[in-house]
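First the structure, in the form of structure tokens, and then the observations on it.
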Amino acid sequence: MKEDIESEARSYCRFYPAMFVGAKGSYLIAETGDKYLDFLAGCGSLNYGHNDQVMQSALQDYISNDGIALGLDLRTRAKQEFIDTFEQLILRPRSLEYRIQFTGPTGANAVEAAIKLARKVTGRSNIIAFTNAFHGCSLGALALTANSYHRGASASMLHGVHRAMYDGYLGLNCDTAELLRKQLSDPSGGIDRPAAVILEIVQAEGGINVPTLHWVKEIEQIARRHGALLIVDEIQTGCGRTGPFFAFEVFDIRPDIVLMAKSISGFGLPMSLVLIAPNIDIWGPGEHNGTFRGNNHAFVTATAALQKYWSDKRFESEIRRKGRIARAMLSEFGAPLGYLVKGCGLMLGLDIVDKKLAAQVKAEAYKRKLIVELCGPSDEIIKLMPPLTILDEELVSGINVLLSTISTTFCPERANRAVGRSGSGDCQFPIGGYRPVPRQSGNVYPSRSIKPDLY
């Protein structure tokens with residue numbers, strides 16, 4: 001493939017160079033016919049796998065009947081059916097009263113709209129964001145993002161943000177919420193009155209960091225006390241990635257604004273939305289817009305996804321069950337080697353500390369037809385985000401490939417002890433039957449006070 005006319009900004013194709021021609025379920029299919037088990041899932045945009053049959057059929061029928069494709073913000077049947085379904089299946093059962101704003105097609109568009117609205121509502125400019133946060137790469141979203149690699153080229157233009165410390169950033173014994181509370185309450189604390197606090201309930205790109213219940217509740221109270229809006233970024237955690245539809249559900253908070261994108265379309269089609277508390281929906285007509293905010297093809301597949309997977313609690317229960325299987329396998333393997341398992345649901349990470357080793361594992365796993373990604377401040381954590389619809393045998397097979405890759409290639413002297421098989425070192429775990437190994441003391445992102453059913 002001739003690549004020298006594509007921008008140097010290309011990324012994933014450098015690490016996974018196969019020419020992909022198809023996809024189904026949990027697999028990407030290369031032109032060679034090789035099938036790659038996909039534990040990246042469109043970076044969280046394919047929670048329901050590739051080419052789900054129900055969504056595919058709904059979209060094909062819609063297109064064949066000349067359904068409107070681009071609707072701007074016109075009233076269309078496809079948009080109204082999505083709104084009605086989202087209210088009926090997602091908002092009402094959770095006693096949530098939000099207005100739905102359709103922004104441009106990406107998560108960054110939703111972030112930009114949210115911080116713009118927060119500044120309009122409060123008349124303030126300062127936004128509090130957190131260490132290891134990732135909210136996007138457009139200028140407003142990038143100002144909130146902590147990663148220096150992404151910030152580098154635009155650093156001089158990134159203003160209006162105070163960087164607070166996420167839970168556990170200074171270790172187990174330091175309550176960073178209390179530090180933020182003290183600074184905001186101190187006239188000499190150095191933080192301008194905030195328009196909003198923006199928070200990822202689970203930090204994905206920052207290292208699969210899960211905060212405690214206490215810390216999240218404290219952040220909500222701090223925002224309320226100081227007249228700031230609470231914005232929760234569910235762009236990657238939403239649509240069941242951590243178990244419940246919204247990650248914030250188990251933390252018993254009520255954000256003023258919730259951001260969604262990635263898997264909300266269900267099919268990998270561009271779509272994002274901002275959920276806004278009615279009392280702060282003070283936009284003027286067209287004050288914030290985007291040409292592609294009316295992707296009706298995405299409305300069709302999003303409606304089909306909600307109806308198929310979120311009409312009852314069964315799908316959420318399945319995500320939790322699969323998450324326990326994955327966590328148990330990773331914990332049983334990682335504990336003897338000192339590798340920490342992070343995350344919840346099917347957003348999991350294996351912290352192997354050494355970024356060079358992590359990069360080698362990622363490359364070798366690809367050779368073995370498994371696609372995984374890295375995350376964390378130095379890309380030292382192997383991130384596992386398979387489709388939520390993955391079959392048990394596919395999930396176990398993929399994790400076995402990963403663990404075997406680590407054992408046989410990079411620590412063969414420990415493979416027999418850690419994996420439990422002599423000879424090949426292949427990690428052949430059966431399905432189910434495991435109890436997770438407790439997190440080790442010294443975990444920088446501890447699980448204290450987390451409700452047990454979060455996992």
Side-chain angles (χ1 to χ4, degrees), residues 15-16 18 23-30 33-41 46 49-50 208 241 318-354 357-375 380-437 455:
F15 303 106
Y16 319 117
K24 190 66 178 177
S26 300
Y27 290 93
L28 286 164
I29 304 167
D34 291 323
K35 295 174 66 177
Y36 291 76
L37 193 52
D38 185 5
F39 275 30
L40 175 60
L46 295 165
H50 296 273
I208 318 293
R241 175 50 61 182
E318 276 294 284
I319 297 167
R320 294 178 187 274
R321 185 186 63 80
K322 292 173 185 176
R324 288 192 292 269
I325 292 173
R327 171 174 285 277
M329 293 178 66
L330 294 170
S331 296
E332 184 171 330
F333 173 84
L337 301 174
Y339 295 162
L340 179 68
V341 180
K342 308 180 73 178
C344 47
L346 283 173
M347 175 181 276
L348 295 171
L350 185 63
D351 186 351
I352 63 175
V353 183
D354 185 334
L357 173 59
Q360 290 175 305
V361 170
K362 171 181 169 179
E364 183 62 26
Y366 169 76
K367 293 177 184 177
R368 301 186 185 200
K369 308 299 186 292
L370 173 69
I371 293 179
V372 295
E373 186 51 284
L374 306 179
C375 65
E380 73 280 15
I381 298 167
I382 300 171
K383 183 169 69 170
L384 285 73
M385 290 183 57
L388 305 180
T389 53
I390 192 169
L391 300 176
D392 283 13
E393 52 266 34
E394 295 170 341
L395 178 64
V396 170
S397 174
I399 295 176
N400 277 329
V401 169
L402 174 64
L403 303 187
S404 178
T405 298
I406 298 171
S407 295
T408 60
T409 307
F410 304 110
C411 49
E413 72 284 358
R414 299 184 181 180
N416 185 47
R417 174 166 57 86
V419 180
R421 282 175 62 96
S422 59
S424 68
D426 290 338
C427 307
Q428 299 299 324
F429 288 103
I431 296 173
Y434 292 95
R435 291 182 301 170
V437 175
Y455 298 105

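The structure displayed is predicted, hence computed values, not measured ones.
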Check your understanding: In Å and rounded to the nearest 0.5 Å, what is the CG to CD1 distance from Asp392 to Ile325?
Key -> 4.5 Å
**Study point:** Phe39 side, atom CZ; Glu394 side, atom CD - distance, nearest 0.5 Å
**Key:** 8.5 Å
Exercise for review: List the steps and the verdict of side-chain contact (heavy atoms from CB on, under 4.5 Å) for Tyr27 and Lys369.
Suggested key: CA-CA 10 Å; Tyr27 290 93; Lys369 308 299 186 292; over 6 Å; no
Point to revise | Partners meeting salt bridge (charged side-chain N to carboxylate O under 4.0 Å, His left out) with Lys322 (sequence neighbours left out) | key: none
Check your understanding: Are side-chain heavy atoms of Asp38 and Tyr36 found at a separation under 4.5 Å?
Key -> no
Review point. Leu40 and side chain to side chain contact (heavy atoms under 4.5 Å, CB included): which partner among Ile371, Leu370, Leu28?
Key: Ile371
**Study point:** Residues Ile208, Cys375; criterion side-chain contact (heavy atoms from CB on, under 4.5 Å); working and verdict
**Key:** CA-CA 8 Å; Ile208 318 293; Cys375 65; 3.7 Å; yes
Practice item. Could you grab the distance from atom CE of Met385 to atom CG of Leu348, nearest 0.5 Å is fine? Key: 10.0 Å
Review point. Quick one: does Asp351's side chain get under 4.5 Å of Val353's, heavy atoms only?
Key: yes
Check your understanding: Can Arg241 and Leu388 be said to form a side-chain contact (heavy atoms from CB on, under 4.5 Å), step by step?
Key -> CA-CA 7 Å; Arg241 175 50 61 182; Leu388 305 180; 3.6 Å; yes
Check your understanding: Measuring from His50:NE2 to Thr389:OG1, what's the distance to the nearest 0.5 Å?
Key -> 9.0 Å
Review point. In Å and rounded to the nearest 0.5 Å, what is the CG to CD1 distance from Leu357 to Ile382?
Key: 7.0 Å
Exercise for review: Identify the two heavy atoms, one from Ala30 and one from Ala18, that lie closest to each other, and give their separation to 0.1 Å.
Suggested key: CB-CB, 4.1 Å
Review point. Roughly how far, to the nearest 0.5 Å, is CD of Glu364 from OG of Ser404?
Key: 9.5 Å
Check your understanding: Would you say the side chain of Val341 lies within less than 4.5 Å of the side chain of Leu350, judging by non-hydrogen atoms?
Key -> yes
Review point. Between Pro386 and Ala41, what is the shortest heavy-atom contact and its length?
Key: C-CB, 4.2 Å
Check your understanding: Relative to the ring of Phe333, is the ring of Tyr339 parallel (under 30°), tilted (30 to 60°) or perpendicular (over 60°)?
Key -> tilted
Point to revise | Main-chain N/O of Leu402 paired with Arg368 side-chain donor or acceptor, under 3.5 Å | key: no
Check your understanding: Which atom names give the shortest non-hydrogen contact between Ala326 and Leu346, and what distance separates them?
Key -> CB-CD2, 4.5 Å
Review point. side-chain contact (heavy atoms from CB on, under 4.5 Å) between Glu380 and Asp354: does it pass, once the steps are laid out?
Key: CA-CA 6 Å; Glu380 73 280 15; Asp354 185 334; over 6 Å; no
